[in-house]
Amino acid sequence: MEIFNQLQTAPTWWNKVQLLFSQHNEHRILVTRLVALLQYNISGYIDLRWWIIVGNLSLLLIAWLFYKNISPDSWLFLPIAFIIICPASNTLAAMQNANLFSVAFGLASLHFALKNTKPAFDFYAFLFAFLAIFSNGGGFVSFGLMGCIFFFQRRYQLLAIWAIYGLIIFTGYFWNYEKIYRHPTTEKLFEQIPKAARFLIAFAGSIAFSPRLAKITGIVFLGLFGYIIYRRYYLRNPFIFLCFTYGIAMTFLTSLTRYEHGFNTALSERYSIYSMLMSACAIVIVYDFLKDSPRSQNYALIGFCILSILLNLKYVTLKLRDPEGTKLKLLTKMENYHLNDSGYTCVEVSILHRLAQNRFYDYPITEPIHPKSYYDSLNRPLLPHIKLRVDRAYVTNKNINLRCTFLSPVDAAAQLKKIGLKYLFIHNDDSPLDCSHNEFTNPNNDQTMILDMELENDRHHLDFPQFEIILPKKHFWKGKYALYFVFLTDAPVNYHPVKTNVAFRL
């Protein structure tokens, strides 16, 4: 929602357009921002419920695309619909609609690229590919698949236009692009191939709930993909083949950049749309392979319907398990924010302040759930100060290497175990770290670099109270840099950044 504040202060229309295309984490979420602005201009206030509804309309588009590309037997659409239109967390969170938009528009571009009977369809393919890319970076997968379509269709003139168009889009997307250093890289991939492989398999099968079932499902999907290549399924149903390929490609790409976050991230519901997509494709593929045995087809259809309905109900059950508890947690966060400027991270509080000042929202608390004293007891800092000892520090041609140990508080290791996320901010000491600039979603590496300390220690085989970091030297030529710790938890508390005694300059 920070985009609303930025657009409010943008001096020209050109600056506003640049903001709409600007980077959010490692993506450019133009479509989500346009949806948000449309909703605001219609109603006059920010309403996240409409963002969720529009995001879920993407699922209807995905289901419709399947319907247009499966056998005339309409009953096959039933299990597909129950799998695709499923209340996973990415359908209930406003900002997760970027994933849904990207998949829906990416598949739409493939659908229209395959329908080469009308020139208008080529225009739709180009348009939806653009929207897929500027919904979420995963849209580039469908962009590459469309190039393959035009090549095998022998539409070489259109392929040349597509290549030029793709070069323009690629250049525009990565113009002034800044890498997010808090995300893992592939620098240790070859050392951690077993870990990456487990992540990939679980990610592919994340539609299943338990880790064991997810692994089995992932192996089945990977094996099925190899089998349909062997059986030349792309000749029987090109759209379903390309959908499955899209899901496999996104599985590999996401695993490559997220595997260090651990097994639980692979099973995260926000990524389950890709596993759901492959599940829907698997239903069509198995049904098609049973074409010579109508009785087996009927049995398979009944089984698919039962499994898909049970799966959908399982997600519904998870969401209805404790709705009052979820509501209370959200209201408590808002109340702590209004009473104490807390309840959210320092970055979120700063954004909420500016949203209120710009009159984008108003949320009065009429009857407090808890007294202020309750929140005062919550808001006490876990670590009021941090003193470090520098055990090793040196500079190479490319990097800065730094290893430190916590000296005080003496029970830092025990305290840190209570904290969900531990980030290390390396911030230019010429300006205070006041969270007014959202370093998480608008990277500016000349000012601040952000590292997940759990990941850093995992890379270097260390445990707290020690930690080690290796950073590119090219970002530290503009003065003195200080180390801060920022702690995030699920509790409705805002823990302010804690500055350490360690600073350096090159």
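Heads up: numbering here begins at 1 and tracks the sequence. Since the model is a prediction, treat every value here as computed from it, not as a measurement.
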Got a second to check how far Asp122's CG is from Leu127's CG, nearest 0.5 Å?
12.5 Å
Expected output: side-chain Ser102 to main-chain Asn99 donor-acceptor under 3.5 Å:
no
Under the 3.5 angstrom rule, does the side chain of Asn69 hit a backbone N or O of Ile240 as a donor-acceptor pair?
no
Smallest heavy-atom separation, Ser135 atom then Ala98 atom, equals O-CB, 3.4 Å
With a 4.5 Å cut-off on side-chain heavy atoms, are Phe101 and Leu131 touching?
no
Can you check whether Phe304 reaches Leu78 side chain to side chain, under 4.5 Å on heavy atoms?
no
When rounded to the nearest 0.5 Å, the distance separating OH of Tyr287 from CD of Gln297 is 4.0 Å
As an exercise, state the distance from CD of Glu348 to CG of Leu355, rounded to the nearest 0.5 Å.
11.5 Å
For Glu335, check salt bridge (charged side-chain N to carboxylate O under 4.0 Å, His left out) against everything at least two apart and list the hits.
none
Tell me whether the NZ or CZ atom of Arg28 lies within the 45° cone about the ring axis of Tyr173 and under 6.0 Å from its centre.
yes
Per the ring-ring contact (aromatic ring centres under 6.0 Å, His included) rule, which among Phe289, Phe225, Tyr227 passes with Tyr233?
Phe289
Using 0.5 Å steps for rounding, measure from the OG atom of Ser275 to the CZ atom of Phe221.
5.0 Å
Under 3.5 Å donor-acceptor, Asp47 side chain and Arg49 backbone
yes
Can you list the steps and then say if Phe123 with Phe112 is a side chain to side chain contact (heavy atoms under 4.5 Å, CB included)?
CA-CA 9 Å; Phe123 170 78; Phe112 286 108; over 6 Å; no
Lys NZ or Arg CZ of Lys195 over Tyr259 ring: under 6.0 Å, within 45°
no
A side-chain contact here means heavy atoms from C-beta on lying under 4.5 Å apart; do Leu107 and Leu277 qualify?
yes
Is it true that Tyr271 and Phe203 have ring centroids separated by less than 6.0 Å?
yes
The reported gap from CE in Met334 to CG in Leu339 (rounded to nearest 0.5 angstrom) is 11.0 Å
To the nearest 0.5 Å, atom CD1 of Ile207 lies from atom SG of Cys86 at 7.0 Å
Nearest atoms (heavy-atom pairs only) where Met278 meets Ile248:
SD-CD1, 3.6 Å
Which pair of heavy atoms, one from Gln23 and one from Arg33, lies closest together, and at what distance?
O-NH2, 4.0 Å
List for me each residue that meets salt bridge (charged side-chain N to carboxylate O under 4.0 Å, His left out) alongside Asp341, sequence neighbours excluded, and say none if there are none.
none
If we only count heavy atoms from C-beta on, is the Val103 to Ile62 side-chain gap below 4.5 Å?
yes
List the residues meeting side-chain contact (heavy atoms from CB on, under 4.5 Å) with Ser43, not counting sequence neighbours, and say none if there are none.
Gln39, Tyr45
When the aromatic ring centroids of Tyr495 and Phe487 are compared, is their separation below 6.0 Å?
no
Work out which heavy atom in Trp162 is nearest to a heavy atom in Met146; give both atom names and the distance.
CH2-CE, 3.3 Å
Quick one, His24 and Glu2 - any side-chain contact, counting heavy atoms below 4.5 Å?
no
Between the side chains of Asp463 and Asn457, is a donor N or O closer than 3.5 angstrom to an acceptor N or O?
no
Contact summary for Ala214 and Ala202, nearest pair of heavy atoms:
CB-O, 4.1 Å
So does Glu454 get a backbone contact from the side chain of Asp458, meaning a donor-acceptor N/O pair under 3.5 Å?
no
Are any non-hydrogen side-chain atoms of Phe4 and Leu37 less than 4.5 angstrom apart?
yes
For Phe140 against Phe170, the heavy-atom pair lying closest together
CE2-CD1, 3.9 Å
